[in-house]
Chemist: 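What follows is a structure written as structure tokens; I'll ask about it next.
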There are 2 protein chains.
Amino acid sequence: MAGDNVAPSVIWMRSARGARGPQPSHDRQGIARVAIEIADREGIDAVSMRRIATAIGSGTSSLYRYFARKDDLLNLMVDGALGSGDFSPSGDWRADLGTIAAATRETFLAHRWMVTALAGRPTLGPNRLKRLESTLGLLEEHGLSARERLVLIDTLISYVRGFVASEIADDIAIEASGLSAEQWRADQEAYIASIVSSGAYPRTIGLFEESRRLNGSTLQDQGFAAGLNLILDGIAAKLSRAG
Amino acid sequence: MAGDNVAPSVIWMRSARGARGPQPSHDRQGIARVAIEIADREGIDAVSMRRIATAIGSGTSSLYRYFARKDDLLNLMVDGALGSGDFSPSGDWRADLGTIAAATRETFLAHRWMVTALAGRPTLGPNRLKRLESTLGLLEEHGLSARERLVLIDTLISYVRGFVASEIADDIAIEASGLSAEQWRADQEAYIASIVSSGAYPRTIGLFEESRRLNGSTLQDQGFAAGLNLILDGIAAKLSRAG
DNA sequence: AGAATATGAGAACGATGTTCGCAATAGGAA
DNA sequence: TTCCTATTGCGAACATCGTTCTCATATTCT
């Protein structure tokens, strides 16, 4: 048949415009940028096809000229929010990895919908690839294979993702509950009080009471730094064993 | 006013049945169990209120006598699938933490919807609390505070969550795409080939080609064990420094 | 017995992602 | 230039979703 070449299912392989018809009014990256702004400002649930269409001044169904499914748009949003991730190695691998970890955490905190959107999404977009490539440049000259280096870096990034996930879980739950932050916290407080008064979970209760006495964000910062150092120590042990 | 006591917003605080009316035909845990089975078998997207209602043989709107929102049902599903997590410490902390990490990974692999459902969900259900409490019993007698022990364990669990998330991301994407696994992999292959032929990302390309030569699941197992040992090494360093 | 209150469920509402069909547009071929 | 064909934009419609309303029914307390 003549028209055998269909549009590829991988979004990154679809060409920007067709050879024949009118010039498209928008482009995929631009639409994704608008969607990211909406998600940052109003939460991921506000990102509906109709909402995006209104924001860029087009009809809703026109979006399907750019994305076969909403999922493709989300792929572009995730990769777009990831950013280019340019960074220049300082030569001090420990400092470099700390910088990468902190930057990744900042990205997730700046776009709090990303932790949710990233779940179950194997992103291989340009930005992700760029990050991977530049990160693999680290830890060379320690006698490790590329795969071994990837394991080290993946372990670190997995930790960052997991940490931020629990760090922002409360905020997301509040947003989704529709309750005010005060009301939500009051309800939570009552629940925890009921756990405490139950007498079970003695060790956990100690943590609850300790947490109440400390400032939330500095507690998170300290926890993040502690876990980060833990993993960096593990990497250091690996490197000294290999080198 | 007399009717001032409304149902608490935290699902775990709502009583099983009211004081006056007929006996409920179902219970929350049972409904959650059915929902878990559907999610395990047909994916999380198949878990709609109508689908659950049909499965337990009730009307759709009746579910709202048990859960104020679908989100509450998801909370119970997550906590239910977590399981009691009973385990008896062996005295060898390294072996114990390895067991916990492996068991957590198994849980996530057995209920692949959990990684997605857990995103942005601060679960404090009974099973989660039981797990936390028993896990905090580990690493005592090393001169660490409860919070310090929590940081160590949280770091480990964060890693497990992050690792499994990327481990199953492909499977979830295939399921959501509607494509056959073969078609999806063929498309992915074509995309990667286009990256390779682009000449960019030389380090990343090496990894792709290496991955193709190895068996997928043993590769995952090895990667998991490697990252796990990395973190356990970090914990060991921390313990020797503290003790 | 009667009052009070919880349960079960059919019908309906608003919102969502997506598809269909058609008019308008613009590049390639004659 | 002229016709053909592929492509865009989009209004309307569809199936499905979570959720609410309302009311008959069932049970327990006074």
Side-chain angles (χ1 to χ4, degrees), chain A residues 1-7 9 11 14-28 30-31 35 38-39 42-75 77 117 176-179, chain B residues 1-9 11 14-28 30-31 35 38-39 42-77 117 176-179:
Chain A
M1 317 296 166
D4 237 4
N5 43 346
V6 289
S9 69
I11 183 69
R14 290 192 57 180
S15 65
R17 63 166 299 191
R20 278 296 173 87
Q23 167 173 316
S25 315
H26 310 89
D27 64 296
R28 279 193 279 269
I31 297 174
I38 295 175
E42 309 173 34
I44 192 66
D45 285 342
V47 179
S48 71
M49 297 304 261
R50 284 165 234 264
R51 180 82 176 70
I52 298 168
T54 306
I56 67 173
S58 83
T60 305
S61 53
S62 307
L63 291 173
Y64 288 86
R65 296 286 172 201
Y66 300 88
F67 310 98
R69 306 185 220 93
K70 191 189 182 184
D71 215 57
D72 285 339
L73 170 59
L74 284 171
N75 279 328
M77 286 177 66
S177 73
L179 275 59
Chain B
M1 314 294 168
D4 238 2
N5 42 345
V6 288
S9 69
I11 184 69
R14 289 193 58 182
S15 64
R17 61 168 299 193
R20 277 297 172 86
Q23 167 172 317
S25 315
H26 310 90
D27 64 295
R28 278 193 280 269
I31 297 174
I38 295 175
E42 308 172 34
I44 192 66
D45 285 342
V47 178
S48 71
M49 296 305 261
R50 284 166 235 263
R51 181 81 177 70
I52 298 167
T54 305
I56 67 172
S58 83
T60 306
S61 53
S62 308
L63 291 174
Y64 289 87
R65 296 287 171 199
Y66 300 88
F67 309 99
R69 308 183 220 92
K70 192 190 182 184
D71 215 57
D72 285 340
L73 170 59
L74 285 170
N75 279 326
L76 257 82
M77 286 176 67
S177 73
L179 275 61

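Atom set for the values below is all heavy atoms of this structure, side chains included, hydrogens, waters and symmetry mates excluded. Note that the structure is predicted; figures quoted are calculated from it, not measured. A note on names: the letters A, B, ... follow the listed sequences, proteins ahead of strands, and every chain is numbered from 1.
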Chemist: In this structure, how many angstroms lie between the P atom of dT8(D) and the CZ atom of Arg14(A), rounded?
Modeler: 8 Å
Chemist: Of the listed nucleotides (dT27(D), dT18(C), dC23(D)), which one gets closest to any side-chain atom of Pro22(B)?
Modeler: dT27(D)
Chemist: Can you check the Met49(A) CE to dG17(C) P distance for me, whole Å?
Modeler: 7 Å
Chemist: Fill in the dot-bracket string of DNA chain C, one character per base: . for unpaired, | for a pair to another strand, ( ) or [ ] for pairs within the strand, taking Watson-Crick or G-U pairs under 3.5 Å.
Modeler: ||||||||||||||||||||||||.||..|
Chemist: Take atom CZ of Arg65(B) and atom C1' of dC23(D), then tell me their distance rounded to the nearest Å.
Modeler: 11 Å
Chemist: Measure CG/Leu63(B) against P/dG18(D) and give the value in whole Å, please.
Modeler: 10 Å
Chemist: So which atom in Met49(A) and which in Lys70(A) form the shortest heavy-atom distance, rounded to 0.1 Å?
Modeler: SD-CG, 3.8 Å
Chemist: After noting the C-alpha distance and the side-chain angles of Ile44(A) and Met77(A), does the key distance pass the side-chain contact (heavy atoms from CB on, under 4.5 Å) rule?
Modeler: CA-CA 11 Å; Ile44(A) 192 66; Met77(A) 286 177 66; 4.3 Å; yes
Chemist: Think Tyr64(B) has a side-chain N or O under 4.0 angstrom from the OP1 or OP2 of dG8(C)?
Modeler: no
Chemist: Over how many whole Å does the gap from Lys70(A) atom NZ to dT19(C) atom P extend?
Modeler: 14 Å
Chemist: Specify the closest pair of heavy atoms between His26(A) and Ile56(A), including all atoms of both residues, with the distance to one decimal.
Modeler: NE2-O, 3.2 Å
Chemist: Just compare dG17(C), dT7(D), dT7(C) and give me whichever is closest to any side-chain atom of Ser48(A).
Modeler: dG17(C)
Chemist: Which distance, rounded to the nearest 0.5 Å, do you find between the CZ of Arg14(B) and the CZ of Arg28(B)?
Modeler: 5.5 Å
Chemist: Which whole-number value in Å describes the distance from Tyr66(B) OH to dT7(C) C1'?
Modeler: 7 Å
Chemist: Of all the nucleotides listed (dA26(D), dA12(C), dG8(C)), which has the minimum atom distance to the side chain of Arg50(B)?
Modeler: dA12(C)
Chemist: Once salt bridge (charged side-chain N to carboxylate O under 4.0 Å, His left out) is applied, do any residues pair with Asp71(B), and if so which ones, sequence neighbours excluded?
Modeler: Arg121(B)
Chemist: Return the minimal non-hydrogen interatomic distance between Ser25(A) and Tyr66(A), and the atom names on each side.
Modeler: N-OH, 3.3 Å
Chemist: Between atom CD1 of Ile52(A) and atom OG of Ser62(A), what is the distance when rounded to the nearest 0.5 Å?
Modeler: 12.5 Å
Chemist: Could you list by number each residue of residues 52-62 of chain B showing a heavy-atom separation from DNA chain C of less than 4.0 Å, or answer none if no residue does?
Modeler: Ser58(B), Gly59(B), Ser61(B), Ser62(B)
Chemist: Between C1' on dT25(C) and CZ on Arg20(A), what's the gap in Å once rounded to a whole number?
Modeler: 13 Å
Chemist: To the nearest Å, how far apart are Ile44(B) CD1 and dT16(D) P?
Modeler: 19 Å
Chemist: Restricting to non-hydrogen atoms, name the atom on Phe67(B) and the atom on Ile31(B) that form the minimum distance, rounded to 0.1 Å.
Modeler: CE1-CG2, 3.8 Å
Chemist: Which heavy atom in Leu179(A) sits nearest to a heavy atom in Ser9(B), and how many Å separate them?
Modeler: CD2-OG, 3.9 Å
